[in-house]
Amino acid sequence: MTLISRLILIVSMVVSFHSYAYPGMQPSQASSTLNKIVVLPAPFPIASVDFHDIAGNKINFEQFKGKVVVINMWATWCPPCVRELPALQRLADALDKDNYVLLPISIDAQADETVQPFLKSLKLSQFRSYFDPQQALREVFPLDTIPATFILNKEGELVAYVRTYVDWDDVNALKFIEQFSGANTQNNHKVSKVAK
């Protein structure tokens, strides 16, 4: 092989190493789904709207004042919602119950009959879900896209939201949620730097 042929071969190998046949072949720059969460510049008060627990008891967010509340709106027919459920259970287990509460709320129309058997089929029978089959929470949250997660500060005000799938197993998820536990959350809204 001549010197020129070798040089052409080496140059073509170097060039092909850094080029891709079509868009999307580039190595992924994995970033945290926590980056999708929008932190509001100031807390936003929300109306008190009822939903219910498995026994049919009325629940509203007023009952959880004094805790940071992570509300996850989901449905059994929503694949990204179902994908989040195991990680949400692990998040609920990891949260300090004195200061935080996770409220997964199903918007399934026949929630009372379908949700518990569905969770059991996923081996999540201990997963505690709440229900809003009439979607009354639409008065305070946009429910046209799920999964959707809304975070309330200890005063019951909306401080952050995301309207897509989030990997709640992210190593920074707890730290992200903990940023809202300060006494003055209005000045405590620094978005956590997520490891990339």
Side-chain angles (χ1 to χ4, degrees), residues 32-40 43-46 48-55 57-76 78 80-107 111 115-116 118-120 122-132 137 140-141 146-195:
S32 171
T33 56
L34 295 174
N35 291 333
K36 296 177 181 179
I37 300 175
V38 176
V39 177
L40 299 178
F44 186 82
I46 61 168
S48 180
V49 177
D50 291 338
F51 51 100
H52 68 274
D53 65 13
I54 194 167
N57 300 314
K58 286 186 179 180
I59 309 285
N60 66 51
F61 302 125
E62 293 288 320
Q63 296 170 244
F64 301 100
K65 278 194 174 176
K67 296 183 179 188
V68 173
V69 181
V70 179
I71 303 150
N72 181 268
M73 306 301 293
W74 73 282
T76 58
C78 165
C81 299
V82 175
R83 184 177 167 206
E84 276 186 329
L85 295 179
L88 283 169
Q89 179 62 58
R90 288 186 288 275
L91 177 66
D93 293 343
L95 289 171
D96 171 12
K97 310 295 184 263
D98 293 332
N99 294 303
Y100 304 90
V101 63
L102 174 70
L103 299 177
I105 303 173
S106 166
I107 62 169
V115 171
Q116 288 310 117
F118 179 78
L119 291 172
K120 189 174 183 179
L122 296 174
K123 300 189 181 353
L124 290 170
S125 53
Q126 299 302 313
F127 188 83
R128 185 176 183 174
S129 186
Y130 296 86
F131 309 96
D132 184 24
L137 289 170
V140 291
F141 302 129
I146 56 171
T149 302
F150 304 92
I151 302 174
L152 308 182
N153 63 15
K154 290 183 175 188
E155 291 76 36
E157 302 164 313
L158 182 66
V159 292
Y161 69 92
V162 61
R163 296 176 63 212
T164 189
Y165 167 84
V166 172
D167 178 8
W168 294 107
D169 281 330
D170 187 300
V171 296
N172 292 308
L174 278 174
K175 186 176 180 181
F176 185 89
I177 292 168
E178 288 169 354
Q179 74 179 312
F180 303 110
S181 66
N184 183 359
T185 54
Q186 187 164 0
N187 296 325
N188 206 15
H189 286 250
K190 296 179 186 124
V191 179
S192 300
K193 296 294 179 194
V194 180

task: Would you name the heavy atoms of Lys58 and Gln63 that are closest together and state the gap between them?
output: O-OE1, 3.7 Å
- line: The side chain to side chain contact (heavy atoms under 4.5 Å, CB included) partner of Thr149 among Tyr165, Tyr161, Trp168 is Trp168
task: Under the side-chain contact (heavy atoms from CB on, under 4.5 Å) rule, collect the residues that match up with Asn57, sequence neighbours excluded.
output: Asp53, Ala55
- request: Please name all residues satisfying side-chain contact (heavy atoms from CB on, under 4.5 Å) with Asp169, sequence neighbours left out, ordered by chain then number.
  value: Ala87, Arg90, Asp167
statement: Pro45 and Pro43 have their tightest heavy-atom pair at CD-O, 3.9 Å
statement: Contacts of Ile46 meeting side-chain contact (heavy atoms from CB on, under 4.5 Å) (sequence neighbours excluded), chain-then-number -> Phe44, Phe61, Val140, Phe141, Leu152, Leu158
message: Using a 3.5 Å distance criterion without hydrogens, assess whether the side chain of Glu84 forms a donor-acceptor pair with backbone atoms of Cys81.
response: no
- request: Sorted by first residue and then second, give each salt bridge (charged side-chain N to carboxylate O under 4.0 Å, His left out) pair with at least one member in residues 93-103; sequence neighbours left out.
  value: none
- prompt: So, for Phe118 and Thr76, which heavy atoms are closest and what is the spacing to 0.1 Å?
  reply: CD2-CG2, 3.4 Å
Results of ring pair (Phe, Tyr, Trp, His ring centres under 6.0 Å) for Phe131 - residues two or more places apart only: His52
message: So, using side-chain contact (heavy atoms from CB on, under 4.5 Å) as the criterion, who are the partners of Glu62 when residues are at least two apart?
response: Ser48, Asn60, Lys65
message: Do Ser32 and Asp170 pair up side chain to side chain, a donor and an acceptor below 3.5 Å, judged on atom types alone?
response: yes
